[in-house]
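Each remark here refers to the structure printed beneath this line.
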Amino acid sequence: MKKALILVSIFIISYSAQAGLKGVRSIAVPSSVPAPKYFGYVGTTNTVLFGLSAFGGANNSDGDLLASKLKNRGFSISSTFRSDLIRELGKSKYFSYAGSSGGTKARLDVREWGVVVAPTGFKRLKPELEASVVITTNGGKKVYSKVNGVGIMDDSVEGATFEQYRDNPSKLERDFRTLSKMVAARMIKGMERSAGSSSSTSSSSSSAVKMTSKDKYRTK
């Protein structure tokens, strides 16, 4: 049986390592976007529970229940984030969308998503989302990578109690859609900075709250 990961929210960080996107204009986004096989849940009792699949599992945890509510609504964090990223590409002054295959590809990965108890009051849950992009040339050379996320310290989403999310899953879906748009917009802005840069760089900046397991939470 797989060991449960413990999600925490600590550092405000957005990490990128890149050769640079200067000269890149057309970017393909593959149709498959991997996502974790669990829905992260840190509840108000300070107990960390995870489902056995992306939208719930075999146990009866509160996290599984929320995940099943989203599944019943037909919500997919993978397809939602991909659509938002493509939409942001369409608004970019540097890039255009080149379909699901082609020369320069942007591989997206939803690294973490779930709900975490807010640091104040310990009754309100807030959603968190972390995603990455790796851009490669037609020859397979990696020229850019970046991780962006939105965590519980961000005030863009108010969150709700477990009971409110349970009884009104449309709100939980709306909150995740809001986060997805935010992460996609931040990701494209980082890509645009690379495209407008005159030299290759590796950088980190305080633009997103990372959500990840306790043993890999670090500034890269």
Side-chain angles (χ1 to χ4, degrees), residues 14-39 53-55 67 70-114 127-150 156 172-205 207-208 210-212 220:
S14 176
Y15 170 74
S16 64
Q18 58 207 46
L21 295 177
K22 192 172 181 62
V24 174
R25 291 296 177 263
S26 181
I27 297 178
V29 182
S31 56
S32 176
V33 178
K37 293 183 178 181
Y38 54 79
F39 177 85
S53 66
F55 290 112
L70 291 173
K71 179 181 179 181
N72 292 339
R73 293 183 59 81
F75 177 75
S76 166
I77 191 63
S78 296
S79 60
T80 296
F81 181 66
R82 180 178 184 270
S83 296
D84 288 335
L85 196 285
I86 291 172
R87 188 177 299 110
E88 291 297 325
L89 273 176
K91 297 190 295 184
S92 173
K93 64 180 179 179
Y94 287 98
F95 308 115
S96 62
Y97 173 54
S100 60
S101 61
T104 302
K105 297 183 181 66
R107 181 187 184 278
L108 304 179
D109 190 344
V110 175
R111 293 158 56 102
E112 307 283 357
W113 74 300
E128 294 192 326
L129 174 65
E130 179 184 285
S132 65
V133 60
V134 176
I135 298 180
T136 57
T137 64
N138 191 37
K141 179 183 177 181
K142 184 171 75 172
V143 294
Y144 181 88
S145 65
K146 191 174 182 71
V147 175
N148 286 102
V150 179
S156 301
L172 181 59
E173 179 181 342
R174 288 196 303 271
D175 285 351
F176 272 116
R177 289 188 181 279
T178 296
L179 264 58
S180 177
K181 290 180 174 63
M182 292 174 61
V183 174
R186 291 174 179 178
M187 194 167 279
I188 293 298
K189 286 181 180 179
M191 291 164 57
E192 288 179 336
R193 284 193 293 270
S194 178
S197 175
S198 59
S199 61
S200 299
T201 61
S202 284
S203 64
S204 61
S205 60
S207 64
K210 286 203 67 178
M211 180 185 69
T212 184
K220 299 182 181 179

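The structure displayed is predicted, hence computed values, not measured ones.
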Check side-chain hydrogen bond (donor to acceptor under 3.5 Å, both in side chains) between T137 and all other residues, then give those that pass, not counting sequence neighbours.
none
pair E192-F95: side-chain heavy atoms closer than 4.5 Å
yes
For S156, the side-chain contact (heavy atoms from CB on, under 4.5 Å) test, sequence neighbours excluded, returns D154, M182
Find out whether V24 and M191 are in side-chain contact, i.e. whether some heavy atom of one side chain is under 4.5 Å from a heavy atom of the other.
no
Under the rule for side-chain hydrogen bond (donor to acceptor under 3.5 Å, both in side chains), what residues qualify as partners of S79, not counting sequence neighbours?
S76
Quick one: does L21's side chain get under 4.5 Å of Y94's, heavy atoms only?
no
Atom OG in S92, atom NZ in K189: separation rounded to 0.5 Å?
11.5 Å
Below 4.5 Å, heavy atoms only, C-beta onward: do W113 and P36 meet side chain to side chain?
yes
Please report the interatomic distance CZ(R87) to NZ(K181), rounded to the nearest 0.5 Å.
5.5 Å
Least distance between heavy atoms, S194 atom then G20 atom:
OG-CA, 3.3 Å
Residues at least two apart in sequence or cross-chain that pass salt bridge (Lys or Arg N to Asp or Glu O under 4.0 Å) with R73, listed by chain then number, are E173
Who pairs with Y97 by side-chain hydrogen bond (donor to acceptor under 3.5 Å, both in side chains), at least two apart in sequence or on another chain?
R82
Taking every heavy atom of I27 against every heavy atom of K105, the minimum-distance pair comes out as CG2-C, 4.4 Å
Which atom names give the shortest non-hydrogen contact between L85 and M187, and what distance separates them?
CD2-SD, 4.0 Å
Might you point out which heavy atoms bring N138 and G102 nearest each other, and give the distance in Å?
OD1-O, 4.2 Å
Can you name the side-chain hydrogen bond (donor to acceptor under 3.5 Å, both in side chains) partners of D175, sequence neighbours left out?
Y165
Supply the atom-to-atom distance N148 CG to L179 CG, rounded to the nearest 0.5 angstrom.
12.0 Å
The salt bridge (Lys or Arg N to Asp or Glu O under 4.0 Å) partners of R25 (sequence neighbours excluded) come to none
Interatomic spacing from CD1 in I135 to OG in S145 - rounded to 0.5 Å
9.0 Å
Once you round to the nearest 0.5 Å, how far does CG of L129 lie from CD of E112?
10.0 Å
Mind checking what makes salt bridge (Lys or Arg N to Asp or Glu O under 4.0 Å) contact with K93, not counting sequence neighbours?
none
Does T80 have any side-chain contact (heavy atoms from CB on, under 4.5 Å) partners at least two apart in sequence or in another chain, and if so, which?
F75, D84, R177, S180
Identify the two heavy atoms, one from A28 and one from S100, that lie closest to each other, and give their separation to 0.1 Å.
CB-C, 4.2 Å
Sub-3.5 Å donor-acceptor pair from the side chain of R107 to the main-chain atoms of P30, do we have one?
no
Side chain to side chain, F39 and K71, heavy atoms closer than 4.5 Å:
no
